[in-house]
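Some notes on the structure that comes next.
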Amino acid sequence: MAKKKKHHEEHEEHMDETWLIPYADLLTLLLALFIVLFSMSKINEGKSAAMFQSLFNAFNTISVFNTDTGGQKNTNTSYPANAPDSQPVAAAQKNQKEDEQLNAAEEKKLQDLMKKLQTYIDNSKLNAVISLTDLREGIQITLKDVIVFDSGSDRLKQTFIPTLQDIVGMINTVDNPIVIEGHTDNQPIHNSQFASNWELSGARAMSVLHYIQNQGVDPTRLRFEGYGEFKPLFPNDSAEHRESNRRVNIIILRK
């Protein structure tokens, strides 16, 4: 008698993977959230103000039903925003634009002044003793002391007065503050009038300041500083370098 063989079918057990679908959706939502947060962190001030204004207008719009249509048709009625928040934003933007326009106009005046000064220096062949520099704080006119003062003196040379008068006339076309700086080399002073280069540099700056004031420049625009030998342009290792270090700077400051 033939034996009956039992055949057992092997059934592979499969895990239920339906949970992956909501999990993937959750990851997608999280990714979208992070993208939105990142983009909001990079938004500039103007776009941020516009976004908040749009949200404010949206939340202050009330939807009501039109009674003439039996309640079947809705209409949107927007009420004026009474909150004061939108006004400071607009005012700030307006003030910023006005400030930018004012700064641009002031900068143009300074650049025009620098062009006039450079033309005057070139035409008068004074490039060896007068130079211009456009600094961050303003336009600097550098006068070598050889054209302005005698050695060890704080009195303006009479031969330099007409040149300084012309320079002051051009400076007075703007109303910016003015700083006059006095600088010396490191050679000790040898006279009874000044105890050190500090006094000499301050006295020279003051002499230029007094002359500028006497030409009708508002004294509230003026101040002077004496640095002695402590802000040299070059090491005091040669006669040429020491000559360059002995100078007076007239700086027309940016506002």
message: Restricting to ring pair (Phe, Tyr, Trp, His ring centres under 6.0 Å), what partner residues turn up for His241, sequence neighbours left out?
response: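 His241 satisfies ring pair (Phe, Tyr, Trp, His ring centres under 6.0 Å) with Phe234 once adjacent residues are dropped.
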task: For Tyr227, check ring pair (Phe, Tyr, Trp, His ring centres under 6.0 Å) against everything at least two apart and list the hits.
output: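 Partners of Tyr227 under the ring pair (Phe, Tyr, Trp, His ring centres under 6.0 Å) test: His183.
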- request: Using the salt bridge (Lys or Arg N to Asp or Glu O under 4.0 Å) rule, collect all pairs that involve residues 193-206, keeping only residues at least two apart or in two chains.
  value: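 Non-adjacent pairs meeting salt bridge (Lys or Arg N to Asp or Glu O under 4.0 Å): Asp145-Arg204.
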message: Test: salt bridge (Lys or Arg N to Asp or Glu O under 4.0 Å). Region: residues 173-185. Which pairs qualify, not counting sequence neighbours?
response: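 Of all non-adjacent pairs touching residues 173-185, those that pass salt bridge (Lys or Arg N to Asp or Glu O under 4.0 Å) are Asp175-Lys255, Asp185-Arg246.
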field: Ser124 side-chain N/O to Leu126 backbone N/O, donor-acceptor pair under 3.5 Å
entry: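 Not at all, since once roles are kept as given, no pair shorter than 3.5 Å links the two residues.
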query: Got a donor-acceptor contact below 3.5 angstrom from the Ser207 side chain to the Asp154 backbone?
result: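 Side chain of Ser207 to backbone of Asp154: a pair is present.
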task: List in chain and number order the residues that pass side chain to side chain donor-acceptor pair (under 3.5 Å) with Asp112, two or more places apart in sequence or in another chain; answer none if no residue qualifies.
output: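 So Asp112 forms a side chain to side chain donor-acceptor pair (under 3.5 Å) with Lys108.
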message: Among residues at least two apart in sequence or on other chains, which ones pass side chain to side chain donor-acceptor pair (under 3.5 Å) with Asn236?
response: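 Here the qualifying residues are Asn245.
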- prompt: Glu243: what forms a salt bridge (Lys or Arg N to Asp or Glu O under 4.0 Å) with it, not counting sequence neighbours?
  reply: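 Per chain and number, Glu243 pairs via salt bridge (Lys or Arg N to Asp or Glu O under 4.0 Å) with no residue.
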- request: Using salt bridge (Lys or Arg N to Asp or Glu O under 4.0 Å) as the criterion, list what pairs up with Lys125, not counting sequence neighbours.
  value: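 By the salt bridge (Lys or Arg N to Asp or Glu O under 4.0 Å) rule, Lys125 matches no residue at all.
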query: Hey, what else clusters with Phe194 if you join Ile, Leu, Val, Met, Phe, Trp, Tyr whenever side-chain heavy atoms sit under 4.5 Å?
result: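 Members other than Phe194 - counting any ILVMFWY side chain reachable under 4.5 Å - are Ile189, Leu200.
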Using a 3.5 Å cut-off and no angle test, enumerate the donor-acceptor pairs between side-chain atoms of residues 164-174 and protein atoms at least two apart in sequence or in another chain.
residue, atom, partner, partner atom, Å
Asp166, OD2, Tyr120, OH, 2.7
Asn172, OD1, Arg221, NH1, 3.2
Thr173, OG1, Met170, O, 2.6

Enumerate donor-acceptor pairs with a distance under 3.5 Å from any side-chain N or O in residues 130-137 to protein atoms, sequence neighbours excluded.
residue, atom, partner, partner atom, Å
Asp134, OD1, Arg254, NH1, 3.4
Asp134, OD1, Arg254, NH2, 2.8
Asp134, OD2, Gln111, NE2, 3.2

message: Any carboxylate oxygen within less than 4.0 angstrom of a Lys/Arg side-chain nitrogen, looking at Lys109 and Glu107?
response: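 Salt bridge flag = no for Glu107 with Lys109.
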task: Go through the structure and list residues passing side chain to side chain contact (heavy atoms under 4.5 Å, CB included) with Val148, not counting sequence neighbours.
output: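 Checked Val148 against side chain to side chain contact (heavy atoms under 4.5 Å, CB included); matches are Leu143, Leu156, Phe160.
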